[in-house]
Amino acid sequence: MPELPDVEVFRRRLDAVGLPAEVHRVRVLDDSLLRDLSRQRLAKALNGQALTATRRHGKHLLVAVKGDGMLVLHFGMTGSLLHQTADAERPAHTRVELWLADGSVLRFVDQRKLGHLALTDDLDSYVAEHDLGPDALQLSRAELTELLHARRGGVKSALMDQAAIAGIGNIYSDEILFQARVHPKADAAGMDDRTCGRVHRQLRRVLQLAVEREADPTRLPRTWLLPHREDGAPCPRGEGTVRKMQLGGRGVFYCPTCQPRP
DNA sequence: AGTACCACCTGACGGC
DNA sequence: TGCCGTCAGGTGGTAC
């Protein structure tokens, strides 16, 4: 699930709790998301402390903790963040809970346990340590063009490379390229300025609209590729047929008619 | 530098 | 019904 739009939805959900919000107690139901962070360190960092502000960089959500430091949430493939009342039933696969002073609870749910939690001092050092590129929505057209021209290899790989651009994954890279009518394997460096401009425009449009619709696939336009990710499905533009190919072991969907090989 | 492949996890689905 | 392979919106390590 979680690419930039999903994580932005989680961020807004956390903001809507009403910050600052005091953490009454941390409850870890499954250690595996903590990785090298101990329960004790997490509890010490959060118990009795207030969450004061949220930031998002790419697919990472960072929450400032009063005093110092930030809590980092990464959602892997199946992670999500919920804010629930005390009497709400705990969803399956809930891994960590932050019980707040007002009696409500933030729940980190992650079926496949590929997400993780971490602590860091500040956003900039976290971004540097983890070699993350600029956030996808912060990139200007000129910056994106320069970045694409500096790469060897295909444009989809470039869009998905978190060290180049942070926030775009398999689903939304397919959508951006479908909307921009660019073949996923088009040579990034060989794309002319007009084409790069189209990718930039669609990158912003796709991600922003997805955020507006709360990254809910059922609320996204039927004309998008996203609801038609099936080999042989009719292209939602009406002409071609959606095809599936492999790239680095992942399924890539595109329309050969709309997105011809250059 | 880019790409392929495996590993980390769990669950859903289709075929037999 | 049960078993098995495959696949899933991510990422890190490794090898070419």
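No hydrogens, no waters, no symmetry mates; every other heavy atom, side chains included, goes into these values. Every chain is numbered from 1, with letters handed out A, B, ... down the list of sequences.
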Taking atom types as modelled, find out whether His83(A) and Ser104(A) have a side-chain donor-acceptor pair closer than 3.5 angstrom. yes
Would you tell me whether Gln179(A) and Glu175(A) have side-chain atoms, one donor and one acceptor, within less than 3.5 Å of each other? yes
Answer with base, sugar-phosphate or nothing: what part of the nucleic acid does Gly79(A) contact at a heavy-atom distance below 4.0 Å? nothing
Could you check which nucleotide pairs with dC9(B) in any of the strands shown, counting Watson-Crick or G-U wobble with both distances under 3.5 Å? none
Kindly give the atom pairs (protein nitrogen or oxygen, nucleotide nitrogen or oxygen) under 3.5 Å for nucleotides 10-14 of chain C.
residue : atom : partner   : partner atom : Å
dG10(C) : OP1  : Lys59(A)  : NZ           : 3.1
dG10(C) : OP2  : Arg250(A) : NH1          : 2.8
dG10(C) : OP2  : Arg250(A) : NH2          : 2.2
dG10(C) : O4'  : Gly76(A)  : O            : 3.4
dT11(C) : OP1  : His74(A)  : NE2          : 2.9
dT11(C) : OP2  : Lys59(A)  : NZ           : 2.8

Expressed as a whole number of Å, how far does the [atom1] atom of [N] sit from that of [M]?
{"N": "dC9(B)", "M": "dG2(C)", "atom1": "C1'", "result": "23 Å"}
{"N": "dC8(B)", "M": "dC3(C)", "atom1": "P", "result": "23 Å"}
{"N": "dT1(C)", "M": "dT10(B)", "atom1": "P", "result": "25 Å"}
{"N": "dC7(C)", "M": "dA4(B)", "atom1": "P", "result": "16 Å"}
{"N": "dG10(C)", "M": "dA1(B)", "atom1": "P", "result": "23 Å"}

In chain order, what residues pass the salt bridge (charged side-chain N to carboxylate O under 4.0 Å, His left out) check against Asp15(A), with sequence neighbours excluded? Arg11(A)
Report the residues that fulfil side-chain contact (heavy atoms from CB on, under 4.5 Å) with Lys44(A), sequence neighbours left out, ordered by chain and then residue number. none
In terms of heavy-atom contacts, Ala50(A) and Pro20(A) come closest through CB-CB, 4.1 Å
For Gln246(A), does the CD atom sit with more than 12 other heavy atoms under 6.0 Å from it, leaving out its own atoms? yes
